[in-house]
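Throughout, protein chains are lettered first and strands after them, A, B, ... in sequence-line order, and every chain is numbered starting at 1. Below, all heavy atoms of this structure are taken into account, side chains as well, without hydrogens, waters or symmetry copies.
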Protein chains: 2
Amino acid sequence: MSDDIENKCIRKGLRLTDQRKLIAQVMSRSENHPDVDELYQRVNKLDSKISIATVYRTVKLFEEAGIIEKHGFKGNKARYEQAPQEHHDHLIDIHTGEIIEFVNEDIEKLQRKVAEKLGYNLVDHRLELYGSKIKK
Amino acid sequence: MSDDIENKCIRKGLRLTDQRKLIAQVMSRSENHPDVDELYQRVNKLDSKISIATVYRTVKLFEEAGIIEKHGFKGNKARYEQAPQEHHDHLIDIHTGEIIEFVNEDIEKLQRKVAEKLGYNLVDHRLELYGSKIKK
DNA sequence: ATAATTGCAAATGCTTTGCTTGTGA
DNA sequence: TCACAAGCAAAGCATTTGCAATTAT
């Protein structure tokens, strides 16, 4: 269902305003990883009175609640995606900007091992691959 | 020698100004991964007339010439380090901010493999581990 | 000589915030 | 009702840029 995010909000005790519902909805339906401005554009079509400050506040709220995830890929602007059920990393096409999600359990394991070898518990990580399409 | 960066500038045909020499020198002697402001503070002690705009311009110039590397760890501000002879990744202590460099050839291999499986040539990557020190 | 570089301050781009009015529970 | 959220515009930061003066080659 597309209001999954709404339910999460309720469970987290977040007040459910019209604007938050809209942003949740747009976020749910996003195929790509939109930045705040894209989000604002889309939400704006549904409610032209919403302000970009609200989008920023909501996105941060959702992020802190663990409902969505923030990414800072190269080329700065923060991009968001719905917090995935299962963790994944990203491969970014350096020519088109297309973002492909992937999972590799071997890499995950090695990361934990590396951290431990250095005397650390792995709390979080960021892995981004940048590549160009192989032409046949 | 600490003026390794200077030689690289010459080889790249970059004009060698006093300010660039200073920044190169400070960069060479940095143990940590300084951000522009730290760099500016240090350089400023050697030449109080230097402007922060010059530091920004120089750091970008060096980066584009492949002389230094730019990192965007979590918590935004760009940090720089001398371009290493051998590639390495970073583990960041989430409590102290300390940055530890590491190399793991297995992870590197897996990354290439993952990219290829997705139909891409791996051009670049970013791997950051965030951890907290294991207490004995 | 002269094209590139600097310093300064103003401009930019993204993000946050103060304050008043509006609203969900 | 009333603590919290939204809208607006102003402020904040990191970074970039226009321009006149300076400098490396």
Rounded to the nearest angstrom, tell me the gap between atom [atom1] in [X] and atom [atom2] in [N].
{"X": "Gln19(B)", "N": "dA4(C)", "atom1": "CD", "atom2": "C1'", "answer": "12 Å"}
{"X": "Asp18(A)", "N": "dG22(C)", "atom1": "CG", "atom2": "C1'", "answer": "12 Å"}
{"X": "Asp37(B)", "N": "dG12(D)", "atom1": "CG", "atom2": "C1'", "answer": "15 Å"}
{"X": "Leu61(A)", "N": "dA5(D)", "atom1": "CG", "atom2": "P", "answer": "7 Å"}
{"X": "Ile23(A)", "N": "dG7(D)", "atom1": "CD1", "atom2": "C1'", "answer": "13 Å"}
{"X": "Arg15(B)", "N": "dT6(C)", "atom1": "CZ", "atom2": "P", "answer": "9 Å"}
{"X": "Arg79(A)", "N": "dT15(C)", "atom1": "CZ", "atom2": "P", "answer": "11 Å"}
{"X": "Lys70(A)", "N": "dT15(C)", "atom1": "NZ", "atom2": "P", "answer": "7 Å"}

With each end axis built from five pairs of C1' atoms, what bend angle do you get for the helix from dA1(C)-dT25(D) to dA25(C)-dT1(D)? Round to 10°.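 One end's axis against the other's: 40°.
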
From C-beta outward on [X], which listed nucleotide comes closest to its side chain: [options]?
{"X": "Arg20(B)", "options": "dT15(D), dG24(C), dT6(C)", "value": "dT6(C)"}
{"X": "Ala53(B)", "options": "dT6(C), dA9(C), dA6(D)", "value": "dA9(C)"}
{"X": "Val36(A)", "options": "dT15(D), dT15(C), dA5(D)", "value": "dT15(C)"}

Identify whether any heavy atom of Arg57(A) sits under 4.0 Å from a base atom; if not, whether one sits that close to sugar-phosphate; answer base, sugar-phosphate or nothing.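 Result for Arg57(A) = base.
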
Select base, sugar-phosphate, or nothing to describe what Ile50(A) touches, counting heavy atoms under 4.0 Å on all strands.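 Answer is sugar-phosphate: Ile50(A) comes under 4.0 Å of backbone atoms only.
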
Nearest atoms (heavy-atom pairs only) where Ile92(B) meets Ile99(B):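 Looking at all heavy atoms of both residues, the shortest contact is CG1-CG1, 4.1 Å.
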
Nearest heavy-atom neighbours spanning Gln82(A) and Asp4(A):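 Scanning both residues completely, I find the closest heavy atoms to be OE1-CB, 4.4 Å.
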
Answer yes or no: does a side-chain N or O of [X] lie under 4.0 Å from OP1 or OP2 of [N]?
{"X": "Ser51(B)", "N": "dC8(C)", "result": "no"}
{"X": "Tyr56(A)", "N": "dT16(C)", "result": "no"}
{"X": "Thr17(A)", "N": "dT23(C)", "result": "no"}
{"X": "Lys60(B)", "N": "dT16(D)", "result": "yes"}

Quick one: are the ring centres of Phe73(A) and His90(A) less than 6.0 Å apart? yes

Using modelled atom types and a 3.5 Å cut-off, is there a donor and acceptor pairing between side-chain atoms of Glu38(B) and backbone atoms of Asp35(B)? yes

Taking C-beta and beyond as the side chain, do Thr17(B) and Leu22(B) meet within less than 4.5 Å on heavy atoms? no

Shared hydrophobic cluster for Ile107(B) and Tyr120(A) (ILVMFWY, side-chain gaps under 4.5 Å): yes

Glu69(A) and His33(A): side-chain donor and acceptor closer than 3.5 Å?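 There is no such pair between these side chains.
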
